[in-house]
Amino acid sequence: IVKMVLALIQMVIFSGALIGFTTDVLQSTIDARLNNIGKINLKNHYVFLNWSSIGPRVIYDLSFLDGHKNVIILCDKERDEVLNSIASVFTDNKREMKKMRIFVKEGDPLSSKHLDDISLGEAKYIGVFLSDVEGEGENNMTAKDINAVKTLLTMMNLNTNANIVVEVENDVAVEKIEGLLKVSES
């Protein structure tokens, strides 16, 4: 009887440990998917780098286009903060967010690895928003404009087929970006 009780206790302990391990693996896999950890494999999607106050309105305007849209946002903001700012624009305008999947990935738009993780090379449209970078600019460009140009330079090696829109604060930045694009075309 004692051996049977001990065997039963061992089976219960082993089963509990196995169930706990399996639950932990499943939970970490689900958390990774929900938080967009790892590479996101998409094609013909919209990519937004950095996040600014115009971001939610741009996403809202996209909702008026026909067809299903996949949107990836790579920025240094928390996922919930970005999603809440988008949801508030839809709520304010009494419109549902239909036919649109939004992925928010925390990362650095100046990192080639992070850009590769969001399938930037397969994107159809790319938008570069001004970041919240602080500091002095140079050559009549603000620090935010300089960061936008750096982001553009980083992604130019990864994608040449997408339509690209870059938010800037002044005309000097526009001239610099146009010059970069002319050089890359030749």
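Keep in mind it's a predicted model, so treat the numbers as computed, not measured. Side-chain atoms are counted along with the backbone in the values below, which use heavy atoms only and exclude waters and symmetry mates. The first residue in the sequence is number 1, and the count goes up from there.
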Donor-acceptor pairs under 3.5 angstrom involving side-chain atoms of residues 7-22: please list them, not counting sequence neighbours.
residue: S15; atom: OG; partner: M11; partner atom: O; Å: 2.8
residue: T22; atom: OG1; partner: L18; partner atom: O; Å: 2.9

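- Each salt bridge (Lys or Arg N to Asp or Glu O under 4.0 Å) pair with one or both residues in residues 82-92, not counting sequence neighbours, would appear here, but there are none.
- C75 is listed as a side-chain neighbour of V82, based on a closest heavy-atom distance under 4.5 Å.
- Residue I73 holds its CD1 atom at 13.5 Å from OH of Y46, rounded to the nearest 0.5 Å.
- T151 contributes atom OG1, which lies 4.5 Å from atom CG of L110 (distance to the nearest 0.5 angstrom).
- Take E81 and apply the side-chain hydrogen bond (donor to acceptor under 3.5 Å, both in side chains) test, not counting sequence neighbours, and it matches no residue.
- Among residue pairs with one or both ends in residues 95-104, those qualifying as side chain to side chain donor-acceptor pair (under 3.5 Å) are S63-R95, N70-R101; sequence neighbours excluded.
- Interatomic distance, CG of D76 versus CG of N50, reported as 7.0 Å (0.5 Å rounding).
- At least one side-chain heavy atom of K150 sits less than 4.5 Å from a side-chain heavy atom of I146.
- With contacts defined as side-chain heavy-atom distances shorter than 4.5 Å, the pair M100/I59 qualifies.
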Mind running side-chain contact (heavy atoms from CB on, under 4.5 Å) on V128 and V168 for me, showing each step along the way? CA-CA 9 Å; V128 179; V168 294; over 6 Å; no
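- A 4.5 Å side-chain heavy-atom check between T154 and L115 finds at least one atom pair inside the cut-off.
- Expressed to the nearest 0.5 Å, how far CZ of F129 lies from CG of L49 amounts to 9.0 Å.
- Applying the salt bridge (Lys or Arg N to Asp or Glu O under 4.0 Å) criterion to K77, with sequence neighbours excluded, gives D132.
- Each salt bridge (Lys or Arg N to Asp or Glu O under 4.0 Å) pair with one or both residues in residues 43-57, not counting sequence neighbours, appears once here: R57-D61.
- Taking NZ of K69 as the reference point, atom CG of N44 lies at 13.5 Å (rounded to 0.5 Å).
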Please walk me through it: do I177 and V149 pass side-chain contact (heavy atoms from CB on, under 4.5 Å)? CA-CA 7 Å; I177 291 170; V149 170; 3.8 Å; yes
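- In this structure, the separation between CZ on F48 and OH on Y125 is 11.0 Å, given to the nearest 0.5 Å.
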